[in-house]
Amino acid sequence: MPAAIEASCHAYLGTTMHSVTAAADSAVRHDWTLAEIQALFALPFNDLLYQAQRLHRRYFDPNAVQISTLLSIKTGACPEDCKYCPQSARYHTGLKAEALLHVEDVLAQAKLARDNGATRFCMGAAYRGPKDKDLDNIISMIRAVRGLGMETCATLGMLTAAQAQRLADAGLDYYNHNIDTSEDYYREIITTRCFQDRLDTLRYVRDAGMHVCCGGIIGMGEGLSDRAAMLHTLATLPEHPESVPINQLVQVEGTPLHGRAAVDPFDFIRVIAVARILMPKAHVRLSAGRTQMHDEMQALAFFAGANSIFYGEKLLTTDNPEQDADRRLFARLGIHAEALAADADLGQGAGAAEKHEQRRATT
Ligand code: SAM
Ligand code: DTB
Ligand code: SF4
C-alpha cells in the first residue's frame, strides 16, 4: 500500500486481550464518583500511566490505532459563540465561509481518505443544528461514503430526536457531539446553548441506535476539577461513548481563547490516561492539537491509552500533521492502523442502528 498507513489485519492473540472475560468487564463502571476521578488525577504520573496501559491491553491491541479523516462539509458563518472556534461568525478569524459541499466533492475526498488508509470519514458542519433540507443532502453524502466501505461519522450540532432517527436510518455509524468541558466551565465558553442541550442531543443519538463520539477540549483555561468533572459526565452516562476525542485547544487568532496559557503536556496526557481508565472499552482519540505536540508527547499519549487519531493534513479549518510525518511516527513506534471490525457491514446494511436492532432481536 504505497502512500498509505497500512491497515494491517493483525488478529491480536496476546494473552491479555485474548482473555476478555466477564471479570474484565467489571472494569466498565458507570458509577464513578468525582472524588475517585480526582484521586486518579492526583496519582504520580507513572502510577497513572501504568494503570491506564494495563487496562488498555485488556481490551485493545496496544499497537493498533484507529484512523479517521475529517472534512468540513459546511464551513464558517456559524451563529454560535463557542469561544474556541474559528467558525463562529462573531469572531474575526479571516476564515472564508463556504456553503454545503456537493455530494460528488465529498465522495472524492472520502475516496482519497480511504486510499490513504482511513477507515472512518467524519463530516463536520458549522451549524447550531442542521435544517431538515440540509439533512437531505447530508444523508446522500452518508450513503455515498458508506458505499465506499468506510464507517461514517457526522458532527452537525444539536439534533432533534427525529433528525437523529433520520441519520440513523440513513446508516450513519457515529455522531460526534462534544460536551467540551465541565458543566460549570461551559458557561464561560458558550452562551448560546447550554450543557443540557448537549446531553439531550447525545440521548437522541443513543436512542436512535447510533454510536456516540463525545469528548472535549483541554487548554481553554479550565481547572483540574473541570477536567475531572468533564470525564465524570462522560463516564457516568448510561452507556459510555464508543469514541472519546480529547482535543488540545487549537488557538486561532481572532477567537477569544487565543493567547491562553499552553497546557502542561503531562497534564494533557493525564486526561488521556484517566479517560482510558474510566471508559476502558472506548476508543480515546488523540484529537485536535497534534501539530503542537512533539512525537514524544504523542508516543506518551498512545502509551496512556489513546488509540485513535485524525489523519490527513486538515482538521476542519486548521492544520493537522502531514501524512508523511504520521506514517513515520507509526513506523518508529511499531504502530499499525486498526482494521475495521469484522462485523462491519458497510455499504450494505443501515449501520450502527441496524446492528443495534439485530442484537436486540437476538438477545
Ligand atoms: N458545529 C458543530 C458543533 O459544535 O457541535 C460541529 C462542529 S464543531 C467544530 C466540533 C467540535 O470541534 C467542537 O465541539 C469542539 O470540541 C471542536 N473544536 C472546535 N474548534 C476547536 C479548536 N479551536 N480547538 C480544539 N477543538 C475544537
Ligand atoms: C472533535 O472532537 N474534534 C474535531 C471533530 N471532533 C469534529 C474538530 C477539531 C476542530 C479543530 C479546529 C478546526 O480545524 O476548525
Ligand atoms: Fe459553531 Fe460548532 Fe464552532 Fe460552536 S463549535 S461556533 S457550534 S461550528
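Counting starts at 1 for both ligands and their atoms, following the listed order. All figures in this text were calculated on a predicted structure; none of them were measured in a lab.
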* Residue selection (non-hydrogen contact nearest atom 27 (C) of ligand 1) among Ile217, Asn247, Thr255 -> Ile217
* To do: Could you check which of Thr75, Asp180, Asn176 puts a non-hydrogen atom nearest to atom 14 (O) of ligand 1?
  => Asp180
* Asked: Taking atom types as modelled, is there a side-chain donor on Arg260 or Gln251 under 3.5 Å from an acceptor on the other?
  -> no
* Would you indicate which of Leu316, Leu315, Thr318 comes nearest to atom 8 (C) of ligand 2 when only heavy atoms are counted? => Leu316
* Cys78: numbered ligand 3 atoms lying under 4.0 Å from its heavy atoms -> 1 (Fe), 6 (S), 7 (S), 8 (S)
* Using heavy atoms and a threshold below 4.0 Å, how should the contact between Arg193 and ligand 1 be classified: side chain, backbone, both, or neither? -> side chain
* Ser287 to ligand 1, any heavy atom closer than 4.0 Å -> no
* Should you measure from each heavy atom of Cys82, which atoms of ligand 3 turn up under 4.0 Å away? -> 4 (Fe), 5 (S), 6 (S), 7 (S)
* Asked: For ligand 3, which part of Tyr84 has a heavy atom less than 4.0 Å away: the side chain, the backbone, both, or neither?
  -> side chain
* To do: Examine Gln87 against ligand 1 and note whether any of their N/O atoms are separated by less than 3.5 Å.
  => no
* Would you kindly say whether Asp200 and Gln196 are connected by a side-chain donor-acceptor distance under 3.5 Å? => yes
* To do: Could you list which atoms of ligand 3 come closer than 4.0 Å to a heavy atom of Arg193?
  => 4 (Fe), 7 (S)
* Asked: Pro245 heavy atoms, cut-off 4.0 Å: which ligand 2 atoms fall inside?
  -> 2 (O)
* Under 4.0 Å from any heavy atom of Ala126, which atoms of ligand 3 are there? -> 8 (S)
* Asked: Among all protein non-hydrogen atoms, which one is nearest to atom 15 (O) of ligand 2, and what is the separation to 0.1 Å?
  -> Thr317 OG1, 2.7 Å
* Asked: Mind checking whether Val252 has a heavy atom under 4.0 Å from ligand 1?
  -> no
* Phe303 and His56: ring-ring contact (aromatic ring centres under 6.0 Å, His included), yes or no, with the steps? -> CA-CA 9 Å; Phe303 186 78; His56 188 46; 9.0 Å; no
* Donor + acceptor pair across side chains of Tyr91, Asp81 (<3.5 Å) -> no
* Asked: Is it true that Met123 lies under 4.0 Å from ligand 1, counting heavy atoms only?
  -> no
* **Min N/O separation Val250 to ligand 1 under 3.5 Å** => yes
* Cut-off 3.5 Å, side chains only: do Ser68 and Gln66 have a donor facing an acceptor? -> yes
* To do: Indicate yes or no: does an N/O atom of Leu156 lie under 3.5 Å from an N/O atom of ligand 1?
  => no
* Asked: For ligand 1, which part of Arg128 has a heavy atom less than 4.0 Å away: the side chain, the backbone, both, or neither?
  -> neither
* Structure fact -> Here the atoms of ligand 3 under 4.0 Å from any heavy atom belonging to Tyr127 are 7 (S)
* Asked: Would you say ligand 2 has an N or O under 3.5 Å from any N or O of Thr155?
  -> no
* May I ask you to decide if the ring planes of Phe302 and Phe330 are parallel, tilted or perpendicular, using 30° and 60° as cut-offs? => perpendicular
